[in-house]
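Down below is the structure, laid out as structure tokens.
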Amino acid sequence: METKQNNEGRWQYFHLPTIPLVHIIIPPSMITHLWECIEQAKKKNIDCRDTLAGNVTSSLVLEDIDNKFYRHILAQPVAEYVTDHADLFEMNSPFLNDDEISDKTYEIVLDQMWVNFQKKHEFNPFHHHKGLLSFVLWLRVPTEYEAQKKLDIAKSANSNAISNVAFFYQDILGTLRTHTVEMGQRAQSNMYLFPAALNHEVYPFYECDTERISISGNI
């Protein structure tokens with residue numbers, strides 16, 4: 001609640017509860033660990049595209065070796081997120097509203113993780129994930145949004161969709177809003193943690209033959 005006043009009177013703003021996105025910058029040592037996990041995933045070569053929405057060349061099951069990524073990066077922000085927003089999860093999660101399990105205690109774990117290799121023109125349509133929380137982080141982003149926006153296909157458009165990632169939510173009036181993450185070098189080693197039910201979309205990029213590599217997972 002925020003209070004303001006002038007000579008004529010006083011008024012208050014009530015900020016309604018909502019669920020935030022969490023932005024995490026991954027340290028270099030952990031990035032090295034994730035590349036090692038990817039090399040292992042390539043050797044095992046377990047295709048998981050049939051369980052995902054993405055229209056991409058390759059998505060492989062990824063194992064967090066020694067549970068290192070979860071223990072050192074995810075565990076604390078996940079625990080804080082669930083604790084700080086427990087009431088909102090209870091209102092919005094069908095899982096937590098199940099009368100048969102609401103009185104039980106469950107361990108929070110990294111349930112699944114995968115790596116996406118996205119080529120030009122490929123995309124991830126409007127979708128959401130399963131679980132309590134999800135995350136996405138970018139290891140390699142070969143294009144810059146500013147340069148992509150200048151391409152003929154996008155330069156006259158009144159949107160900033162090309163090559164970017166967008167999260168969608170409704171405001172108090174029910175209007176669909178978008179939080180856009182602009183893709184480029186500055187997005188590398190950046191991760192977003194968000195409610196698994198939050199709809200999001202990954203738009204295609206163009207005129208670049210280098211793959212974009214990202215990691216996603218569900219908790």
Side-chain angles (χ1 to χ4, degrees), residues 21-24 26 31 34-64 69-70 73-74 109-145 147-149 151 153-154 157 159-169 176-219:
L21 302 176
V22 180
H23 177 214
I24 303 171
I26 309 301
I31 294 297
L34 292 172
W35 280 116
E36 292 171 353
C37 295
I38 290 175
E39 289 305 309
Q40 177 178 278
K42 288 180 178 179
K43 293 177 182 178
K44 292 186 177 181
N45 197 32
I46 303 175
D47 190 347
C48 59
R49 285 177 295 173
D50 61 343
T51 66
L52 303 173
N55 290 249
V56 299
T57 296
S58 176
S59 293
L60 300 177
V61 172
L62 195 65
E63 178 186 349
D64 180 18
F69 178 65
Y70 185 81
I73 299 296
L74 285 170
V109 298
L110 176 56
D111 181 59
Q112 56 186 160
M113 187 164 68
W114 62 94
V115 55
N116 294 313
F117 301 92
Q118 181 187 0
K119 295 182 182 296
K120 64 182 179 182
H121 306 161
E122 298 179 345
F123 62 97
N124 214 318
F126 187 88
H127 70 289
H128 62 270
H129 293 190
K130 296 179 180 179
L132 187 67
L133 294 169
S134 296
F135 64 88
V136 59
L137 72 91
W138 296 277
L139 292 179
R140 180 198 294 162
V141 182
T143 59
E144 294 291 336
Y145 164 68
Q148 291 280 298
K149 180 61 178 172
L151 298 177
I153 193 173
S159 73
N160 61 345
I162 187 171
S163 81
N164 289 334
V165 177
F167 295 92
F168 302 94
Y169 62 98
L176 187 64
R177 301 290 185 181
T178 305
H179 175 80
T180 300
V181 180
E182 294 184 355
M183 290 289 98
Q185 286 284 320
R186 59 188 174 275
Q188 292 184 167
S189 301
N190 283 234
M191 181 174 78
Y192 279 83
L193 178 70
F194 54 93
L198 182 67
N199 286 307
H200 52 288
E201 186 167 358
V202 180
Y203 296 102
F205 60 88
Y206 300 85
E207 298 188 11
C208 176
D209 292 326
T210 304
E211 291 177 323
R212 176 190 292 174
I213 300 178
S214 62
I215 292 176
S216 293
N218 295 330
I219 298 163

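Since this is a predicted model, take the numbers as computed values, not measurements. Position 1 is the first residue of the sequence; numbering continues from there.
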Are any of the side-chain heavy atoms of [X] and [Y] separated by less than 4.5 Å?
| X | Y | value |
| --- | --- | --- |
| Phe69 | Met113 | yes |
| Val181 | Phe167 | yes |
| Phe205 | Leu151 | no |
| Phe135 | Leu193 | yes |
| Arg212 | Ser163 | yes |
| Gln188 | Arg140 | yes |
| Val61 | Trp114 | no |
| Tyr206 | His121 | yes |

*Tyr169/Phe194 aromatic ring centres below 6.0 Å*: no

_Could you check, using the six-membered ring where one of them is a Trp, whether His129 and His200 have ring centers closer than 6.0 angstrom?_
yes

Is there a donor-acceptor contact under 3.5 Å from the side chain of [X] to the main chain of [Y]?
| X | Y | value |
| --- | --- | --- |
| Asp64 | Tyr70 | yes |
| Lys149 | Ala154 | yes |
| Gln185 | Glu144 | no |

*asked:* For a side-chain contact (heavy atoms from CB on, under 4.5 Å) check, start with the C-alpha distance between Val202 and Phe123, then their side-chain angles and the critical distance, and finish with the verdict.
replied: CA-CA 6 Å; Val202 180; Phe123 62 97; 5.9 Å; no

What's the separation between atom [atom1] in [X] and atom [atom2] in [Y], rounded to the nearest 0.5 Å?
| X | Y | atom1 | atom2 | value |
| --- | --- | --- | --- | --- |
| Asn218 | Leu133 | CG | CG | 9.5 Å |
| His128 | Leu198 | NE2 | CG | 10.0 Å |
| Leu60 | Asp47 | CG | CG | 6.5 Å |
| Gln148 | Lys120 | CD | NZ | 10.5 Å |
| Thr180 | Asn160 | OG1 | CG | 4.5 Å |
| Leu137 | Ile215 | CG | CD1 | 5.0 Å |

*asked:* Please evaluate residues Asp111 and Lys130 with respect to the criterion side-chain contact (heavy atoms from CB on, under 4.5 Å), reporting the C-alpha separation (whole Å), side-chain torsions for both, the decisive distance (0.1 Å), and the verdict.
replied: CA-CA 10 Å; Asp111 181 59; Lys130 296 179 180 179; over 6 Å; no

Check [X] against [Y] and note the closest heavy-atom contact, atom names and distance.
| X | Y | answer |
| --- | --- | --- |
| Asn164 | Met183 | OD1-N, 2.9 Å |
| Ser159 | Tyr145 | O-OH, 4.4 Å |
| Pro125 | Gly54 | CD-CA, 4.1 Å |
| Thr143 | Cys208 | CG2-CB, 3.6 Å |
| Glu211 | Lys119 | OE2-NZ, 3.2 Å |
| Asn124 | Glu201 | O-CG, 3.3 Å |

*Can you list the steps and then say if Leu52 with His127 is a side-chain contact (heavy atoms from CB on, under 4.5 Å)?*
CA-CA 9 Å; Leu52 303 173; His127 70 289; over 6 Å; no

*asked:* Less than 3.5 Å apart, any donor N or O on the side chain of Glu122 or Thr57 sitting next to an acceptor on the other?
replied: yes

*asked:* Is it the case that atom CD in Gln40 sees more than 12 heavy atoms from other parts of the structure closer than 6.0 Å?
replied: yes

